[in-house]
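Contents: one structure, followed by commentary.
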Amino acid sequence: MARYRVPEVAWAFAVGDLLAERVAAGDPAVVYFWTASKTLVLGMQDARLQGAKRAAARLYAEGVDVFVRSSGGRAVAIDEGVLNVTVVVPETGPFRSMDGSFAWMAEHVRSALKPLGLMVGIGEVRGSFCPGRYDLSVGGKKFAGLAQRRTRGAVQIQAFVLVEGTGAARAKVARSFYRFTFGERPIVRPEVMVALAELCPIDLLAAARIFQRAFVRALVDVPDGQRNAGGPLPEMRVRSVASGSALDVLKAMHLDLVVTERLKGQKARSAAALAE
Amino acid sequence: MEFPAGLKYSKEHEWVRVDGTKAYIGITDFAQDELGDIVYVELPEVGAELVAGESFGSVESVKTVSELYAPVSGKVVEVNGRLADEPELVNRAPYADGWMIVVEMRDPAELEALLDAEGYRAHVAE
């Protein structure tokens with residue numbers, strides 16, 4: 001039986017849950033950036049596919065970590081060139097509904113990229129990995145997707161943004177997982193995925209700066225047009241944390257001990273989901 | 001929107017039907033409507049100990065995973081196995097075939113902290 005390392009993404013999701021608890025208790029909203037080494041982050045439905053465990057073991061043998069996340073959607077292939085943005089907000093204003101939360105996030109990703117000359121579309125890109133109504137695309141090719149995790153009093157809205165490298169290379173990782181599984185599963189077409197660096201000169205740090213500026217501003221000053229789902233948004237304090245490693249973020253926030261317990265939960269959940 | 005009388009409700013949108021010392025638990029019509037099409041339900045195993053107010057599982061719908069919170073404490077004695085292959089039962093019949101777990105209650109007095117149908121109706125109207 002294959003033995004798995006603890007993927008770095010387990011930390012990232014554990015941090016997200018901890019931040020959500022704190023935001024629900026009245027802490028400021030958080031914009032949290034993270035990256036991880038090559039990992040296929042499965043949705044819960046993927047883990048239930050027949051042959052999922054064998055498929056995960058094959059990817060693992062090829063140097064790809066596999067992790068089952070606790071937010072919505074299907075398999076997402078990430079690596080050091082993918083910027084993950086998690087916005088952690090109280091369940092209020094536009095964030096009271098799932099649709100309102102997705103629409104808010106998608107709109108702010110779109111407007112953040114406008115200065116780069118990118119005309120971003122919002123809507124499902126068929127054949128992309130982890131498809132959904134709020135896929136973000138340029139010229140019909142998807143570069144980012146959204147998911148949510150809702151816990152009592154707080155919402156985590158997660159975006160993966162393909163920044164460096166190519167979209168097709170990541171799509172092939174997701175496709176190879178599905179090829180090793182059986183049953184009804186998504187069809188992934190590498191030609192409909194793209195990375196921002198294929199469209200304009202940009203790197204991970206530049207992208208993080210753009211989104212940090214955009215989301216912090218958006219959370220402090222929610223425009224009137226967004227105040228539609230549940231009345232006005234209460235005044236929100238915002239902080240943002242950016243780092244290449246979830247562990248660095250935790251250490252900076254003196255939370256590394258607290259989150260260790262959450263990490264155990266994340267590991268157990270992922271392992272149980274892939275058990276046959 | 002249905003709010004059957006005779007059930008107890010939590011502010012986190014779970015319902016409880018009491019049968020002696022057992023509590024049948026599911027999510028409300030309001031909750032399933034808010035969630036949209038449910039594609040996956042994650043539930044505890046029989047024998048798991050639940051604590052009122054803590055998470056006991058999750059549901060996935062429209063690229064969103066929402067946590068479920070136990071309305072009462074106790075041991076899980078039955079799990080609705082049909083939901084593994086037919087999660088849509090929660091949308092179709094949240095108070096009937098879409099039930100989720102049965103708990104042997106540790107402290108039935110916890111029920112007093114829950115809402116009745118009218119109280120829950122007022123809560124979701126807020």
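Proteins come first, then strands; the chains are lettered A, B, ... in the order of their sequence lines, and each starts at number 1.
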Checking heavy atoms, do the side chain of [X], its backbone, both or neither come under 4.5 Å from chain B?
| X | value |
| --- | --- |
| A:L146 | backbone |
| A:M44 | both |
| A:F102 | side chain |
| A:R74 | neither |
| A:T151 | both |

* Is A:D46 salt-bridged to A:R185, cutoff N-O under 4.0 Å? ->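 Judged by the 4.0 Å cut-off on N to carboxylate O distance, A:D46 and A:R185 do not form a salt bridge.
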* Asked: Any salt bridge between B:E49 and B:R106, counting N to O under 4.0 Å?
  ->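 A salt bridge is present here (some side-chain N lies under 4.0 Å from a carboxylate O).
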* To do: Check each atom of B:E45 against the heavy atoms of chain A and say whether the ones under 4.5 Å are side chain, backbone, both or neither.
  =>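 Contact with chain A: none, neither part.
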* Rounded to the nearest 0.5 Å, how far does OG of A:S70 lie from CD of A:Q156? ->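 Rounded to the nearest 0.5 Å, the CD-OG separation comes to 7.5 Å.
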* Asked: Can you tell me how far the OH atom of B:Y9 sits from the CZ atom of B:F3, to the nearest 0.5 Å?
  ->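 Output value for this atom pair is 7.5 Å.
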* **Minimum heavy-atom distance A:G145-A:K142, with the two atoms named** =>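 Result for this residue pair: CA-CE, 3.9 Å.
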